[in-house]
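To keep things clear, I will list the structure first and then write my remarks on it.
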Number of protein chains: 2
Amino acid sequence: MVLEVLARCQDFISAQRLHSLLVAEDLRISLSTVYRALRELETADSVDVVRDDVGERLYRLRPEDGHRHYLICRSCGRSWPVDSEDVEQWAERIAADHGFAAVEHTVELTGVCGDCQPASDEGESLSCHPDSGRRTPAHRARSYAS
Amino acid sequence: MVLEVLARCQDFISAQRLHSLLVAEDLRISLSTVYRALRELETADSVDVVRDDVGERLYRLRPEDGHRHYLICRSCGRSWPVDSEDVEQWAERIAADHGFAAVEHTVELTGVCGDCQPASDEGESLSCHPDSGRRTPAHRARSYAS
DNA sequence: ATAGGTGCAAAAGATTTGCAACTGG
DNA sequence: CCAGTTGCAAATCTTTTGCACCTAT
């Protein structure tokens, strides 16, 4: 059930919201089970995970094409898989330069998408973000970025 | 006091450990105050922040040369500022391609440093990581990476 | 019957905050 | 005397876990 919603969603979503969606569909499932399912999917590398600005974890089913990095709109919350060839290479190079092995990287790209730029809120096209066009920008704990 | 320890440390450190260090030096300060100080430094863009594999936040005083990205050893915890020109450019390009504005990015590079590769643990040269050479690798919640 | 999944409530843990006491100017 | 800090304890919030129950094999 978790997988199904994730697949339908095609966007990052929190465990709690996911649970809400499930319950809203009359599916009987507990929050614990949702967390357990997500953890499985995570260890199976079937989902990508990013952190909310409040530390909450957001999950997204990894696209079949293997993309692992996304461009996320801070306003509506929608995400787009992006090509990360360059970063992969950069990461490898940097690691090699420093004599590192077993390198892993985490990359999060956020911004304001085209739809959210002119007016203030729209982008209700997808269903995973009840709080679409209204998200606390830089609530308190912003990740470092530049 | 917080600043001083951070400066001396030159590495990522958690609020709690930082507090321990302070207390260990007979400096009278509460954990709350440490958190408050770190938050200030954070909003002042004086520190960079990364997330532990358990969700804990680690802070590091941003080097004067303005580096914002680091290569962190998963074994001993030491970190090295890295050149991120390429990623910056990549980020800008990707964002532009998608019509995004106000782009921000977060990049975390982890691996096993040279010192930690042959044997298992060493690298006790710096003082911020009491738990050096022994860190739960991929405890449970691994960030997505590739 | 039996292994594994599930729900519930409690636990864990990091961070924040209300509030009263305190300090330097 | 006051503004701004601090400490402490309590609250918050997400995620995990213990444990009993229940179900499909």
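Protein chains get the first letters and strands the later ones, always in sequence-line order, with residue 1 at the start of each.
- Applying the 4.5 Å side-chain rule to ILVMFWY residues, one finds L31(A) in the same cluster as Y35(A).
- For T33(B), the listed nucleotide lying nearest its side chain is dT6(D); candidates were dT15(C), dC8(C), dT6(D).
- Y59(A) pairs by the ring-ring contact (aromatic ring centres under 6.0 Å, His included) definition with nothing, not counting sequence neighbours.
- Taking atom CD on E56(B) and atom P on dA12(C), their separation rounds to 17 Å, with Å as the unit.
- Straight-line distance from the CG atom of L31(B) to the C1' atom of dC8(D): 11 Å, rounded to whole Å.
- Distance, I13(A) CD1 to dT14(D) P: 14 Å, rounded to whole Å.
- Using modelled atom types, one side-chain atom of R74(B) and one backbone atom of A102(A) make a donor-acceptor pair closer than 3.5 Å.
- Distance L58(B) CG to dG13(C) C1': 15 Å, rounded to the nearest Å.
- Look at Y35(A) and you'll find a side-chain N or O under 4.0 angstrom from OP1 or OP2 of dT15(D).
- No hydrogens or angles were tested; on distance alone, a donor-acceptor pair under 3.5 Å links the side chain of R36(A) to the base of dG7(C).
- Taking every side-chain heavy atom of S30(A) into account, dC8(C) is the closest of dA14(C), dC8(C), dG7(D).
- Rounded to whole Å, atom C1' of dG7(D) lies 12 Å from atom CZ of R28(B).
- Side-chain polar atoms of H105(B) and E88(B) form a donor-acceptor pair below 3.5 angstrom.
- In this structure, E40(B) places its CD atom 17 Å from P of dT15(C), rounding to the nearest Å.
- Contact annotation: R39(A) side-chain N/O to dT17(D) OP1/OP2 distance is under 4.0 Å.
- As a whole-Å value, the separation of I29(B) CD1 from dG7(D) P is 6 Å.
- Atom CZ of R17(B) and atom P of dA14(C) are 11 Å apart (whole Å).
- Under 3.5 Å, the side chains of R60(B) and S79(B) contain a donor-acceptor pair of N or O atoms.
- Projected onto DNA chain C by closest heavy-atom contact, S32(A) and Y59(B) fall at different nucleotides, the more 5' of which corresponds to S32(A).
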